[in-house]
J.: 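Have a look at this one before I ask anything.
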Protein chains: 2
Amino acid sequence: MKDGPNIAPIAALIGDPARANILTALMSGKALTATELAGEAGVTLPTASTHLSKLVTGGLLTKRHQGRHKYFAIATDQVAETLEVLMGLAAGTGHLRTRTGPRDQAMKTARVCYDHLAGDLGIHLYDSLISRDVLRDHAEFPEITTTGGDQLARLGIDLEALTKAKRPICRACLDWSERRTHLAGGLGKAILDIVLKSNWAKRDPDSRVIRFSDAGKAAFLTAFPIERNSSA
Amino acid sequence: MKDGPNIAPIAALIGDPARANILTALMSGKALTATELAGEAGVTLPTASTHLSKLVTGGLLTKRHQGRHKYFAIATDQVAETLEVLMGLAAGTGHLRTRTGPRDQAMKTARVCYDHLAGDLGIHLYDSLISRDVLRDHAEFPEITTTGGDQLARLGIDLEALTKAKRPICRACLDWSERRTHLAGGLGKAILDIVLKSNWAKRDPDSRVIRFSDAGKAAFLTAFPIERNSSA
DNA sequence: GCGATGCTTCGGCCATCATCAAACTATGAA
DNA sequence: TTCATAGTTTGATGATGGCCGAAGCATCGC
């Protein structure tokens with residue numbers, strides 16, 4: 001009768017407003033302390049602490065000790081992916097937190113999705129890599145072509161190091177704002193790192209928004225053009 | 001501060017055990033009555049009724065009147081997709097409902113994911129269509145090639161009718177058992193219909209399992225071979 | 001009309017769980 | 001050591017919400 005995974009405990013874990021706020025805040029990809037997360041969630045420290053321990057034992061978060069601070073972060077890519085899909089569904093059924101405003105517009109243009117680039121520019125990046133045959137679409141996990149590997153190396157990406165890591169290098173991730181694919185996984189993070197290191201854009205400290213300067217956006221579009229001459 | 005969609009209400013809706021059971025039962029793709037769902041959820045009819053009305057107002061289910069029966073079904077592909085991803089996460093964090101047994105083995109081999117084929121054979125189908133260039137991977141929404149359209153027509157699939165429907169024809173859907181892609185959307189449903197109509201397989205009435213006969217499985221593999229001569 | 005079936009609503013009971021204040025532990029700094 | 005900051009645990013409170021029985025509608029068949 002009962003078959004397949006049991007989704008209720010996980011969903012219930014995410015379903016509490018305070019915990020949902022904590023998880024949403026951690027979708028910024030940054031690890032945050034219990035005190036910071038209490039502020040994000042709008043509850044006192046003790047309350048946040050119990051929530052955090054539940055999220056950790058539930059496998060959604062990891063805890064890292066650093067002196068007297070304890071940093072919490074999203075546990076796995078799979079958790080981040082699930083949250084993103086839930087955001088898509090929430091957006092689709094009209095459960096938006098705020099009315100559209102300038103912040104939302106910036107979110108739509110460029111934001112972090114856990115640790116990689118999402119939004120319009122994230123989609124552009126993905127389309128560029130596909131159109132230039134750097135990546136080849138292969139179901140949920142795109143593959144890097146041999147010529148693509150060279151191009152990525154020229155950008156300063158150490159593919160060998162990425163290969164060694166246990167997380168997938170490439171993963172397709174679906175935008176809640178656009179319902180289109182952008183690039184997640186180790187490569188997605190590596191490229192976002194380049195964007196930030198090149199000062200093309202800065203992370204908004206209070207949100208998941210990524211703010212490109214005009215010059216930075218131009219440089220980004222030049223580095224990742226879309227080539228239309230490749231055969232469909 | 002608060003940005004992006006609000007996932008808490010949706011997750012809370014899914015997070016109740018009775019409601020999760022209802023949703024999981026409806027992942028069979030079949031529309032079920034309130035009484036049937038009460039049995040699936042293990043609660044009395046009044047309790048199920050309140051749950052169902054919450055799920056409908058929450059946008060997760062649709063209600064269809066048919067005489068004095070009321071049939072409930074998953075509202076959209078997006079809802080089905082979200083549930084599937086949640087199942088993947090639940091499986092990954094060890095929240096399995098049952099220990100692996102014969103039923104689970106059958107589920108792994110072939111099952112319905114909402115209204116299309118999932119499991120090992122679902123993945124095989126997808127790989128076959130890609131390898132034979134019937135479909136071309138295009139992010140989350142694969143495209144049917146022109147030659148592929150002819151081949152599908154030869155199987156008796158009315159692509160024009162599918163095109164008219166509002167739902168996407170092709171959608172990539174991720175398996176919780178395999179973490180690989182299979183085919184969802186209108187085409188996925190159409191092919192499953194053919195499999196059932198050809199008596200290659202039957203649906204288990206009590207679960208999401210699809211049971212292939214030996215001959216049926218052979219016919220299925222013949223109809224959807226994997227060609228290895230196409231260049232990677 | 002009548003009864004029967006399928007579902008919804010109402011009322012009240014009960015358990016769970018989120019919440020916070022206060023006490024406690026642990027780490028770091030002076 | 002002593003104080004301060006970060007976090008956890010405890011205990012009590014309160015509210016939300018699931019649950020069921022009983023009553024109320026609605027639809028079908030006769």
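Protein chains get the first letters and strands the later ones, always in sequence-line order, with residue 1 at the start of each. Fair warning: this is a prediction, and the values are worked out from it, not measured in the lab.
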J.: Taking A:V112's backbone N and O only, do any of them form a donor-acceptor pair with A:R208's side chain (distance below 3.5 Å, no angle check)?
T.: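 Yes; judged by distance alone, with no hydrogens or angles, the pair exists.
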J.: Could you verify whether a donor N or O on one side chain and an acceptor N or O on the other, from A:E160 and A:T163, lie under 3.5 Å apart?
T.: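 A:T163 and A:E160 do not have a side-chain donor-acceptor pair below 3.5 Å.
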J.: Heavy atoms under 4.0 Å, any strand shown: does A:A18 hit a base, just sugar-phosphate, or nothing?
T.: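 If one applies the 4.0 Å heavy-atom cut-off, A:A18 turns out to touch the sugar-phosphate alone, with no base involved.
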J.: Let me check the geometry of the helix from C:dG1-D:dC30 to C:dA30-D:dT1. What is the bend angle between the axes at its two ends, five pairs each, to 10°?
T.: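 It works out to 30° between the end axes.
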J.: NA contact type, A:T33, heavy-atom cut-off 4.0 Å: base, sugar-phosphate, or nothing?
T.: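 Contact class for A:T33: sugar-phosphate only.
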J.: Among A:L32, A:T62, A:V56, which residue meets the side-chain contact (heavy atoms from CB on, under 4.5 Å) test with A:F72?
T.: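 Of the listed residues A:L32, A:T62, A:V56, the side-chain contact (heavy atoms from CB on, under 4.5 Å) partner of A:F72 is A:V56.
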J.: Measure from CZ on A:R19 to C1' on C:dA18 and round the result to the nearest Å.
T.: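 Taking atom C1' of C:dA18 as the reference, CZ of A:R19 is at 9 Å.
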J.: What is the distance from CG of B:D16 to P of C:dA15, rounded to the nearest Å?
T.: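 Those two atoms, CG and P, are 17 Å apart.
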J.: From NZ of B:K54 over to C1' of D:dC19, roughly how many Å is that when rounded to an integer?
T.: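 So the two atoms are 10 Å apart, to the nearest Å.
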J.: Just compare C:dG6, D:dC19, C:dT8 and give me whichever is closest to any side-chain atom of B:F72.
T.: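 Taking heavy atoms from C-beta onward, the closest nucleotide is C:dT8.
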J.: With the threshold set at 4.0 Å, does a side-chain nitrogen-carboxylate oxygen contact exist between A:D204 and A:R211?
T.: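 Yes, charged N to carboxylate O under 4.0 Å.
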J.: Could you state the atom-to-atom distance from CD1 of B:I14 to C1' of D:dG18 in whole Å?
T.: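 After rounding, the gap between these two atoms is 18 Å.
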J.: Sort out for me which residue in B:T76, B:V79, B:D77 forms a side-chain contact (heavy atoms from CB on, under 4.5 Å) with B:Y114.
T.: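 Filter result, single survivor: B:D77.
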J.: Rounding to a whole Å, what distance do you find between B:K70:NZ and C:dT5:P?
T.: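 Whole-Å distance recorded here is 17 Å.
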J.: So which nucleotide from C:dC7, D:dG7, D:dG18 ends up closest to the side chain of B:L45?
T.: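 My answer, after comparing the listed nucleotides, is C:dC7.
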J.: May I ask you to verify if any side-chain N or O of B:T44 is less than 4.0 angstrom from the OP1 or OP2 atom of D:dC20?
T.: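 So the side-chain polar atoms of B:T44 do come within 4.0 Å of the phosphate oxygens OP1 or OP2 of D:dC20, strictly under.
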J.: Should A:T47 be listed as having a side-chain N or O under 4.0 Å from OP1 or OP2 of C:dT19?
T.: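 Answer no for this pair, as no side-chain N or O of A:T47 is under 4.0 Å from OP1 or OP2.
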J.: Whole angstroms only, please: what is the OH-C1' distance between A:Y71 and D:dA6?
T.: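 The distance from OH of A:Y71 to C1' of D:dA6 comes to 11 Å, rounded to the nearest Å.
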J.: Assign A:T35 to base, sugar-phosphate, or nothing according to its heavy-atom contacts below 4.0 angstrom with the strands shown.
T.: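 Sugar-phosphate contact only - A:T35 comes under 4.0 Å of backbone atoms but never of a base.
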J.: To the nearest Å, how far apart are B:K63 NZ and D:dT27 C1'?
T.: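 After rounding, the reported distance stands at 14 Å.
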J.: Name the closest nucleotide to the A:V43 side chain, picking from D:dT8, C:dT8, C:dT19.
T.: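 Nearest to the side-chain atoms of A:V43, counting from C-beta on, is C:dT19.
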J.: Quick one: sort the A:W200 and A:F224 rings into parallel, tilted or perpendicular, breaks at 30° and 60°.
T.: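 Perpendicular, since the angle between the ring planes exceeds 60°.
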J.: To the nearest Å, how far apart are B:L55 CG and D:dG18 P?
T.: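 Rounding to the nearest Å, CG of B:L55 and P of D:dG18 are 10 Å apart.
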J.: May I ask you to verify if any side-chain N or O of B:H65 is less than 4.0 angstrom from the OP1 or OP2 atom of C:dC7?
T.: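 So the side-chain polar atoms of B:H65 never come under 4.0 Å of the phosphate oxygens OP1 or OP2 of C:dC7.
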J.: Among the nucleotides C:dA18, D:dG7, C:dG6, which one has an atom lying closest to any side-chain atom of A:H69?
T.: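 Output: D:dG7.
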J.: Given C:dT8, C:dA22, D:dC20, identify the nucleotide with an atom nearest to the side chain of A:P46.
T.: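 My answer, after comparing the listed nucleotides, is C:dA22.
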J.: Okay, side chain of B:T47, backbone of B:V43: is any donor-acceptor separation there less than 3.5 Å?
T.: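 Not a single qualifying donor-acceptor pair exists.
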J.: Salt-bridged, B:R111 to B:E84, with N to O below 4.0 Å?
T.: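 Salt bridge flag = yes for B:E84 with B:R111.
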